[in-house]
Amino acid sequence: MTLQPLAISPESRRAALESMTEGELDVLVIGAGVVGAGAALDAATRGLRVGMVEAIDYAAGTSSRSSKLFHGGLRYLKQLNFSLVFEALRERKLMLNTIAPHLVRPVEFIFPLVTPAYDRAYAGAGIGFYDLLGAGRGVPHHLRHIGKRRTFDIFPGAKRGKIRGGVLFYEGQVDDARHTMMLARTAASYGALCASSARVSRYLREGDRVVGARIEDLESGEHVDVRAKHVVNAAGVWTDELQEILGEKGKMRVKASKGVHIVVPRDRIDSAVGLITETEKSLLFVIPCPWSEDFWIIGTTDTEWNLDLAHPAASSADLDYILAEVNVMLEKPLVRDDIVGVYAGLRPLLAGESDQTSKLSREHAVVSAAPGLTVIAGGKYTTYRVMAEDAIDAAVDGVRGVEPSRTASVPLVGADGFDDLWEARVRLANEHRLPVKTIAHLLRRYGSAISEIFEIIAAEPELGRPLATSDDRYLGAEIRYAVTHEGALHLVDILARRTRVSIETADRGKSAAVEVADIVAATLGWDDAQRQREIENYCARVDAEIESQRQPDDQTADAARMGAPGVRGSADVADVSA
């Protein structure tokens, strides 16, 4: 039987918080990033009564600011971490074939060769080892060595006299925020109670045992107590902060590593495929944008971050580093004015002996911080499902009658029927009087849940038109849907995560803020004053981010970014997101 998707809305959020206080949950998950949402889905599909709370918004932290890839990790082969690579490749196959074929798809890359003998040995051996580990299943066959002429045919923008050949291979790409949102909706459809803008202020305890948490509703200011047989802390880089409120020394230490990406127009780099190169510090990707054919995403950096966790800021030095590294490959170098968007995220790395974050472990760990409290941290986006499974296994250890994890065979909302709809996209375009390109865009964002978009348009035909302020990339119906089906509560939720207007328009979405506010104000119950406050807050956020990117270093960039007002509670709160 096909799963009936459950909408996450402002009304369902309030109902979920109320339901969490009625009786005892089996599992309470803290954090609605990819690992938290994955853990909620894992528990719900085992038949457990589950609640999930998130301090800001679904995927508001690390899980909307990744490199947008499901990948095995070439650099982990170089570190001889074969088990992590094998695990990641297995998960990539599951995403492409079973779990999220509407959201994850293969993307081809070229590794340009500068020093042919060394580079062919390094890249060829590493990528070839992918095939040995079974990576060819789920994506086309990986390894193809090509010469200089063929390289310039595929990558005409390559630097003359520098690039001397290439190695072609495939990875999987994804819009991470959309994937995490669909995870949360799937969890809700299996019965999980999901609430964003709900912050844990303290744990409830009986003796040494954690028996739940006090939750602050940041929209109403009310506090509620939620009791649970087990609590799972899936807070990513905020793991240490949530361990501290136990009043005890944490059993796990997490170090934040900042990763910055830039977004540039597609015509600024002449290449038919994505690019990857090795830098002194890590790997640099030039990735075809997964949600639009109009852009490249370029990154990333890997530097220690000890400042504000909720608002990691990209500095001028970060942008200069990315431009310098990518220009090594390009005949026509990129300049600062080519940058349309910038985003910075924090990786939750397990702290080890190395002082360099690029050498810290991406493997995850699960620990019992106290009786009734499990902490999951580390890992990477690609292996979120394994992390979630391990966390719930630990939470229910010793509980009789609990089924093993099922998520390896559970498709996300929108996956069922996607292939047939994709083949029928021309027919759908004719039926709904929309361009084929628009139908393809909707199918890649919603899969078979596209029917819910069509229902909104049928009820309000004017929402079938594109936004005037987003270069026709998003329909008005998608904006309304972000609230009625995907739980958006504020403009930033819509412009930065449900859509990507904040990093793909020249003004970072400031002009779109008015148009979007007009579409959702009535649905969210905003009066004129609140509507205007949301617009002003969003524009101030953009101004603060742009100012931070003019600053020379992390300290000054952080100070500039912190100048923006918050929209949840009296001030922005630390995002509890994996």
Query - Heavy-atom side-chain proximity of Phe295 to Val264 below 4.5 angstrom - result: no
Query raised in the report: Where does the angle between the aromatic ring planes of Tyr343 and His261 fall among parallel (under 30°), tilted (30 to 60°) and perpendicular (over 60°)?
Result: parallel
Query raised in the report: Under 4.0 Å between a Lys/Arg side-chain N and an Asp/Glu carboxylate O for Asp57 and Arg497?
Result: yes
Query raised in the report: Got Val260 and Tyr321 here, is their nearest side-chain heavy-atom distance under 4.5 Å?
Result: no
Query raised in the report: Going through the distances and angles, do Glu171 and Arg92 end up as a salt bridge (charged side-chain N to carboxylate O under 4.0 Å, His left out)?
Result: CA-CA 8 Å; Glu171 290 288 11; Arg92 185 185 68 186; 2.6 Å; yes
Query raised in the report: Tell me, do Thr300 and Phe285 make a side-chain contact under 4.5 Å, heavy atoms counted?
Result: no
Query raised in the report: Is there a donor-acceptor pair closer than 3.5 Å between any side-chain N or O of Gln549 and the backbone N or O of Leu319?
Result: no
Query - Test side chain to side chain donor-acceptor pair (under 3.5 Å) applied to Asp217 and Arg14, Arg199, Arg13, the passing residue - result: Arg13
Query raised in the report: Is the centre of the Tyr381 ring less than 6.0 Å from the centre of the Phe70 ring?
Result: yes
Requested in this report: Starting at CD1 of Ile479, measure out to OG1 of Thr484 and round the result to the nearest 0.5 Å.
Outcome: 11.0 Å
**Report entry** Thr382 and Glu91 side chains, donor-acceptor separation under 3.5 Å
**Finding:** no
Query raised in the report: Should Asp493 and Arg498 be marked as a side-chain contact (heavy atoms from CB on, under 4.5 Å) after you check the CA-CA gap, both sets of side-chain angles, and the distance that decides it?
Result: CA-CA 6 Å; Asp493 302 341; Arg498 305 304 186 277; 4.1 Å; yes
Query raised in the report: For the salt bridge (Lys or Arg N to Asp or Glu O under 4.0 Å) test, which of Asp302, Asp308, Asp318, Asp553 pairs with Lys258?
Result: Asp318
Query raised in the report: Which value, rounded to the nearest 0.5 Å, describes the distance between Tyr203 atom OH and Leu28 atom CG?
Result: 9.0 Å
Report summary line: One should read off an interatomic distance between Ile519 CD1 and Arg480 CZ, to the nearest 0.5 angstrom, of 7.5 Å
Query raised in the report: Any sub-3.5 Å donor-acceptor pair from Trp296's side-chain atoms to Ile287's backbone N or O?
Result: no
Query raised in the report: Under 3.5 Å, is there a donor-acceptor pair between the Gln551 and Glu547 side chains?
Result: yes
Query - Flag for Arg336-Ser316: side-chain donor and acceptor within less than 3.5 Å - result: yes
Report task. Tell me yes or no: between the side chains of Ser257 and Arg347, is some donor less than 3.5 Å from an acceptor? Result -> yes
Query raised in the report: With a cut-off of 6.0 Å (strictly less than), are more than 12 heavy atoms of other residues, nucleotides or ligands near CG of Asp267?
Result: yes
Query raised in the report: Quick check: does any side chain N or O of Thr301 sit under 3.5 Å from a backbone N or O of Thr303, one acting as donor and the other as acceptor?
Result: no
Query raised in the report: Quick one: does Thr186's side chain have a donor or acceptor within less than 3.5 Å of a partner on Met182's backbone?
Result: yes
Query - Check: His179 ring centroid to Tyr384 ring centroid under 6.0 Å - result: yes
Query raised in the report: Quick one: which of His485, His102, Glu478 gives a side chain to side chain contact (heavy atoms under 4.5 Å, CB included) with Tyr446?
Result: Glu478
Query raised in the report: Is the shortest side-chain N to carboxylate O distance from Asp294 to Arg473 below 4.0 Å?
Result: yes
Query - Asp338 side-chain N/O to Val335 backbone N/O, donor-acceptor pair under 3.5 Å - result: yes
Query - Qualifying residue for side chain to side chain donor-acceptor pair (under 3.5 Å) with Trp291, from Gln173, Glu504, His441 - result: Glu504
Query raised in the report: Quick check: does any side chain N or O of Thr505 sit under 3.5 Å from a backbone N or O of Ser470, one acting as donor and the other as acceptor?
Result: no
Query raised in the report: Among all residues two or more places apart in sequence or in another chain, which pass the side chain to side chain donor-acceptor pair (under 3.5 Å) test with Arg500?
Result: Asp175, Asp176
Report task. Give a yes or no on whether the backbone of Ser201 and the side-chain of Arg214 come within a donor-acceptor separation of less than 3.5 Å. Result -> no
Query raised in the report: Judged by atom type as modelled, is there a donor-acceptor pair below 3.5 Å linking the side chain of Thr499 to the main-chain atoms of Ile494?
Result: yes
Query raised in the report: Can you list the steps and then say if Lys510 with Glu536 is a salt bridge (charged side-chain N to carboxylate O under 4.0 Å, His left out)?
Result: CA-CA 9 Å; Lys510 289 174 68 174; Glu536 292 172 356; over 6 Å; no
Query - Shortest non-hydrogen contact from Val232 toward Ile376 - result: CG1-CG2, 4.2 Å
Report task. Consider only side-chain N and O atoms of Glu325 and Asn327, and report whether a donor and an acceptor are under 3.5 Å apart. Result -> no
Query raised in the report: For the atom pair CG (Leu218) and CD (Glu54), what is the distance rounded to the nearest 0.5 Å?
Result: 10.0 Å
Query raised in the report: With a 4.0 Å cut-off, would you call Arg268 and Asp337 a salt bridge?
Result: no
Query raised in the report: Under a 4.5 Å cut-off applied to non-hydrogen side-chain atoms, are Val107 and Tyr170 in contact?
Result: no
Requested in this report: For side-chain contact (heavy atoms from CB on, under 4.5 Å), just list the numbers for Tyr481 and Leu475, CA-CA rounded to whole Å, side-chain angles, deciding distance to a tenth of an Å, and then say yes or no.
Outcome: CA-CA 10 Å; Tyr481 186 89; Leu475 302 181; over 6 Å; no
Report task. Please name the pair of heavy atoms, one in Gly487 and one in Ser196, separated by the smallest distance, quoted to 0.1 Å. Result -> O-OG, 4.1 Å
Report summary line: Value for CD1 (Ile535) from CH2 (Trp526), rounded to nearest 0.5 Å, stands at 8.0 Å
Report task. Give a yes or no on whether the backbone of Cys539 and the side-chain of Arg508 come within a donor-acceptor separation of less than 3.5 Å. Result -> no
Report task. Taking Arg541 for its side chain and Ala564 for its backbone only, find out whether a donor-acceptor pair lies under 3.5 Å. Result -> no
Report summary line: Interatomic distance, CG@Leu283 vs CD1@Ile276, rounded to 0.5 Å, equals 4.5 Å
**Report entry** Verdict with reasoning, Val483 to Glu486, per side-chain contact (heavy atoms from CB on, under 4.5 Å)
**Finding:** CA-CA 6 Å; Val483 173; Glu486 297 183 338; over 6 Å; no
Report task. Report the C-alpha separation of Val53 and Val226 in whole Å, then their side-chain angles, then the decisive distance to 0.1 Å, and conclude whether the side-chain contact (heavy atoms from CB on, under 4.5 Å) test is met. Result -> CA-CA 10 Å; Val53 293; Val226 177; 5.9 Å; no
